[in-house]
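Worth knowing before you read on, the calculation uses all heavy atoms, side chains too, and leaves out hydrogens, waters and symmetry mates.
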Amino acid sequence: MRVGLQIKFQDNGNIKNQILIIDKPGFRVPSLTYEKVFKRGELDVVEYYCNGRLDHYFEKETKPGLRIERGYSGDRIPFATNVVYFDSNNRPIIIYQEVEDMDGTLNKGYRYIDQNGYQSWDGFDDFESCYIEYMTTQIKLH
């Protein structure tokens, strides 16, 4: 029987979630993973490292009524975009997502977010269709 061994270190300044993985399925050699959290201008940035090498990172921008998150590879190639729309009470109601698969296929679409924070199972091609379905579910709740 194999037992995975991980050691988590205390956060230190902008270095967060530092974990030394000694033995775990999927990791053949010991690996040190960590997050570097900081601001770049108006953007909140989280960089993810493995053994001292930048693996990928996300930039988050917040504007009134929406939050934009962009994901990049360690080589600074964009692979994901999420735009979260908020209602007047600052609750997330709709998310637009673009994710590029490993084969280069771009998947994109809208989903509404229910009162429990879960995304709808069905995706929508446009904001209007998604918003109409979101409003329909809200009417059914009341």
Side-chain angles (χ1 to χ4, degrees), residues 2 4-142:
R2 247 177 98 176
L5 177 61
Q6 298 184 106
I7 301 170
K8 182 168 178 16
F9 298 92
Q10 192 170 24
D11 290 348
N12 183 5
N14 66 339
I15 304 296
K16 311 282 185 198
N17 297 320
Q18 203 171 178
I19 300 172
L20 177 60
I21 301 169
I22 306 293
D23 182 29
K24 184 175 181 181
F27 286 85
R28 295 188 179 115
V29 296
S31 299
L32 177 64
T33 63
Y34 60 92
E35 301 170 7
K36 194 173 181 182
V37 180
F38 60 96
K39 287 191 86 61
R40 181 182 299 137
E42 295 296 313
L43 300 175
D44 293 318
V45 180
V46 180
E47 295 179 335
Y48 296 88
Y49 289 82
C50 185
N51 292 333
R53 184 174 167 269
L54 177 62
D55 185 66
H56 62 284
Y57 66 99
F58 287 88
E59 295 177 339
K60 181 170 57 173
E61 177 181 6
T62 304
K63 296 181 176 188
L66 52 99
R67 180 178 65 229
I68 304 164
E69 300 170 342
R70 294 180 181 90
Y72 300 88
S73 69
D75 297 326
R76 308 206 184 295
I77 298 170
F79 67 83
T81 301
N82 294 325
V83 179
V84 180
Y85 297 86
F86 295 87
D87 67 10
S88 59
N89 294 318
N90 208 31
R91 288 183 304 228
I93 58 169
I94 292 178
I95 184 167
Y96 171 75
Q97 298 174 306
E98 287 184 358
V99 179
E100 187 172 332
D101 289 340
M102 297 297 279
D103 66 1
T105 304
L106 182 64
N107 297 298
K108 56 186 180 176
Y110 293 86
R111 295 181 187 281
Y112 65 85
I113 301 170
D114 70 16
Q115 71 277 5
N116 296 316
Y118 296 111
Q119 293 181 24
S120 61
W121 182 257
D122 294 327
F124 301 86
D125 292 330
D126 60 87
F127 182 89
E128 185 179 7
S129 299
C130 186
Y131 187 73
I132 289 169
E133 186 64 25
Y134 167 76
M135 292 305 293
T136 302
T137 63
Q138 295 305 300
I139 292 169
K140 290 177 185 175
L141 291 173
H142 299 316

Enquirer: How many angstroms lie between CZ in Arg111 and CD1 in Ile94, if you round to the nearest 0.5 Å?
Expert: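 One gets 12.5 Å once the value is rounded to the nearest 0.5 Å.
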Enquirer: To the nearest 0.5 Å, tell me how far Tyr85 OH sits from Tyr134 OH.
Expert: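 One finds 14.5 Å between OH of Tyr85 and OH of Tyr134.
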Enquirer: Just by distance, do the side chain of Asp44 and the backbone of Glu61 share a donor-acceptor pair under 3.5 Å?
Expert: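 It does not hold such a pair.
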Enquirer: How long is the straight-line distance from CG of Leu66 back to OH of Tyr96, given to the nearest 0.5 Å?
Expert: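 Atom-to-atom, Tyr96:OH and Leu66:CG are 13.5 Å apart.
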Enquirer: For the pair Phe79 and Phe58, name the ring-plane relationship: parallel under 30°, tilted 30 to 60°, perpendicular over 60°.
Expert: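 Perpendicular, since the angle between the ring planes exceeds 60°.
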Enquirer: Got a donor-acceptor contact below 3.5 angstrom from the Asp114 side chain to the Gly117 backbone?
Expert: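 Yes, because the side chain of Asp114 sits within donor-acceptor range (under 3.5 Å) of the backbone of Gly117.
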Enquirer: Parallel, tilted or perpendicular: which fits the ring planes of Phe127 and Tyr131, with parallel below 30° and perpendicular above 60°?
Expert: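 Plane angle under 30°, so parallel.
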Enquirer: Return the CG to CZ distance between Asn90 and Arg67, rounded to the nearest 0.5 Å.
Expert: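 One finds 9.0 Å between CG of Asn90 and CZ of Arg67.
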Enquirer: With distance as the sole test, does Asp126 use its side chain to make a donor-acceptor pair with the main-chain N or O of Glu128 at under 3.5 Å?
Expert: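 Confirmed, Asp126 side chain pairs with Glu128 backbone.
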Enquirer: Take a 6.0 Å sphere around CZ of Arg53 and say whether it holds more than 12 heavy atoms from other residues, nucleotides or ligands.
Expert: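 Count not over threshold, so no.
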Enquirer: Quick one: does Arg76's side chain get under 4.5 Å of Leu54's, heavy atoms only?
Expert: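 Contact flag for Arg76/Leu54 side chains = yes.
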Enquirer: Hey, are the side chains of Asn51 and Leu32 touching, using non-hydrogen atoms and a 4.5 Å cut-off?
Expert: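 The answer is yes; the side chains approach within 4.5 Å.
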Enquirer: Out of curiosity, Lys39 NZ to Lys60 NZ, how far, rounded to the nearest 0.5 Å?
Expert: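 The NZ atom of Lys39 sits 9.0 Å away from the NZ atom of Lys60.
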Enquirer: Got a second to check how far Tyr110's OH is from Gln119's CD, nearest 0.5 Å?
Expert: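 Here the interatomic distance stands at 14.0 Å.
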Enquirer: Count the heavy atoms of every other residue, nucleotide or ligand shown that sit under 6.0 Å from CG of Asp125, and state whether that count exceeds 12.
Expert: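 No, because the 6.0 Å sphere around CG of Asp125 holds 12 heavy atoms or fewer from other groups.
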Enquirer: Relative to each other, are the rings of Tyr34 and Tyr49 parallel, tilted or perpendicular (30° and 60° limits)?
Expert: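 Correct class here is parallel.
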Enquirer: List the steps, then state whether side chain to side chain donor-acceptor pair (under 3.5 Å) holds for Ser73 with Asp75.
Expert: CA-CA 5 Å; Ser73 69; Asp75 297 326; 4.7 Å; no
Enquirer: Begin with the C-alpha distance, continue with both residues' side-chain angles, and end with the deciding distance and a verdict on salt bridge (Lys or Arg N to Asp or Glu O under 4.0 Å) for Lys63 and Glu42.
Expert: CA-CA 10 Å; Lys63 296 181 176 188; Glu42 295 296 313; over 6 Å; no
Enquirer: Quick check: does any side chain N or O of Asp87 sit under 3.5 Å from a backbone N or O of Asn89, one acting as donor and the other as acceptor?
Expert: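 Yes, Asp87 side chain to Asn89 backbone: donor-acceptor pair under 3.5 Å.
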Enquirer: Take atom NZ in Lys16; do more than 12 heavy atoms of anything else shown fall under 6.0 Å from it?
Expert: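 Check passes, neighbour count above 12.
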Enquirer: Between Ser120 (side chain) and Tyr112 (backbone), is there a donor-acceptor pair under 3.5 Å?
Expert: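 Side chain of Ser120 to backbone of Tyr112, a donor-acceptor pair under 3.5 Å: yes, one is there.
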